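Along the sequence shown, residues are numbered consecutively beginning with 1. What you are looking at is a predicted structure, and each value in this text was computed from that prediction instead of being measured.
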Amino acid sequence: MSKACCPGSFDPMTNGHLDIFRRAAKLFDELVVTVVVNPNKQGMFTIDERIALIEENVADLPGVSVERWEGLLVDYARDRGMACIVKGLRNSTDFDYELPMAGMNQHLTGVETAFLTTSPQYSYVSSSLVKEVAKLGGDISALIPPNVQDAVRAKLS
């Protein structure tokens with residue numbers, strides 16, 4: 001059985017994230033969307049809120065679950081028998097950031113990293129940009145799932 005995790009902060013989850021989850025779910029028997037806790041960041045949503053929003057959007061995907069993790073991601077993957085970490089890449093900047101981490105993760109535990117390129121319609125979408133546009137009153141409806149849009153609106157009102 002092939003297992004992988006797809007880590008991130010997902011604050012908030014975007015349609016680009018959901019696209020990566022859906023595509024990765026086809027490649028592995030089990031995919032765990034892993035909401036990584038960064039104690040140095042103050043997010044718009046709590047970890048539990050992020051998990052609930054993601055769970056609602058992946059409920060129709062067989063073999064996909066959502067968990068939290070704080071610590072080295074490769075420890076999480078290794079301890080759960082996962083052979084792969086899945087990362088979505090929007091551009092060369094993402095690649096330049098992720099490549100050294102992939103190498104270090106492989107060195108530390110043997111866990112591989114698979115990069116999925118973002119679908120073109122989501123190549124400009126980031127959680128940070130979504131939050132900024134939303135705070136300034138812009139239309140984010142095409143960028144995030146409806147339940148996430150409702151949650152963002154509620155946080156900003």
**Study point:** Atom pair CD1 (I51) and OG1 (T46), whose distance is rounded to the nearest 0.5 Å
**Key:** 8.5 Å

Review point. Are K155 and D150 ion-paired here, with the side-chain N under 4.0 Å from a carboxylate O?
Key: no

Practice item. State the OG-CD1 distance between S65 and I54, to the nearest 0.5 angstrom. Key: 11.0 Å

Exercise for review: Mark yes when over 12 heavy atoms from residues, nucleotides or ligands other than F115 sit less than 6.0 Å from its CZ; otherwise mark no.
Suggested key: yes

Review point. Is there side-chain contact between H17 and Y122, with at least one heavy-atom pair below 4.5 Å?
Key: no

Point to revise | Heavy-atom side-chain proximity of Q121 to N15 below 4.5 angstrom | key: no

Review point. Quick check: are there more than 12 heavy atoms from other residues, nucleotides or ligands sitting under 6.0 Å from CE of M104?
Key: no

Practice item. Find out whether V148 and P145 are in side-chain contact, i.e. whether some heavy atom of one side chain is under 4.5 Å from a heavy atom of the other. Key: yes

Practice item. Going by the side chain to side chain contact (heavy atoms under 4.5 Å, CB included) test, name the single residue among E98, K87, M101 that passes it with T113. Key: K87

Exercise for review: Evaluate the side chain to side chain contact (heavy atoms under 4.5 Å, CB included) criterion for residues V33 and F10: first the C-alpha distance (whole Å), next the side-chain angles of each, then the deciding distance (0.1 Å), finally the verdict.
Suggested key: CA-CA 10 Å; V33 177; F10 310 117; 3.7 Å; yes

Revision key, fill the gap. Output for pair (N91 CG, T117 OG1), nearest 0.5 Å, gives 11.5 Å

Check your understanding: What's the spacing between L116 CG and L27 CG if we round to 0.5 Å?
Key -> 6.0 Å

Exercise for review: Could you please spell out the steps behind the side chain to side chain contact (heavy atoms under 4.5 Å, CB included) verdict for D60 and R22?
Suggested key: CA-CA 10 Å; D60 65 326; R22 289 186 185 285; 3.3 Å; yes

Point to revise | Min side-chain heavy-atom separation Y76-T34 under 4.5 Å | key: yes

Exercise for review: Indicate yes or no: at least one non-hydrogen side-chain atom of V111 is less than 4.5 angstrom from one of M82.
Suggested key: no

Check your understanding: Taking atom CG of N105 and atom CG of L72, what is their separation to the nearest 0.5 Å?
Key -> 8.0 Å

Review point. Which heavy atom in A25 sits nearest to a heavy atom in V64, and how many Å separate them?
Key: CB-CG2, 3.6 Å

Review point. Sub-3.5 Å donor-acceptor pair from the side chain of D11 to the main-chain atoms of M44, do we have one?
Key: yes

Revision key, fill the gap. In this structure, CD1 of I85 is separated from SG of C6 (nearest 0.5 Å) by 10.0 Å

Point to revise | Whether S2 side chain and D29 backbone form a donor-acceptor pair below 3.5 Å | key: yes

Point to revise | Side-chain heavy-atom pair Y124, L143 within 4.5 angstrom cut-off | key: yes

Check your understanding: Can you tell me if S128 uses its side chain to pair, donor with acceptor, with the backbone of S126 under 3.5 Å?
Key -> no

Review point. In a check of side chain to side chain contact (heavy atoms under 4.5 Å, CB included) between M13 and each of N57, V35, L53, which one passes?
Key: N57

Point to revise | Pairing residues for R153 by the side chain to side chain donor-acceptor pair (under 3.5 Å) criterion, not counting sequence neighbours | key: none

Exercise for review: Indicate the atoms forming the closest heavy-atom contact of L73 with C5, along with that distance.
Suggested key: CD1-SG, 4.2 Å

Review point. Just by distance, do the side chain of R78 and the backbone of T109 share a donor-acceptor pair under 3.5 Å?
Key: no

Review point. What's the verdict on side chain to side chain contact (heavy atoms under 4.5 Å, CB included) for K135 and V133, showing C-alpha distance, side-chain angles and the deciding distance?
Key: CA-CA 6 Å; K135 286 176 186 175; V133 170; over 6 Å; no

**Study point:** Non-hydrogen side-chain atoms of R80 and K3 separated by less than 4.5 Å
**Key:** no

Practice item. Could you list the residues that satisfy side chain to side chain donor-acceptor pair (under 3.5 Å) with D94, not counting sequence neighbours? Key: R90

Check your understanding: Between I144 and V152, is any pair of side-chain heavy atoms under 4.5 Å apart?
Key -> yes

Practice item. Determine the minimum heavy-atom distance between V36 and P7, stating which atoms define it. Key: CG2-CB, 3.8 Å

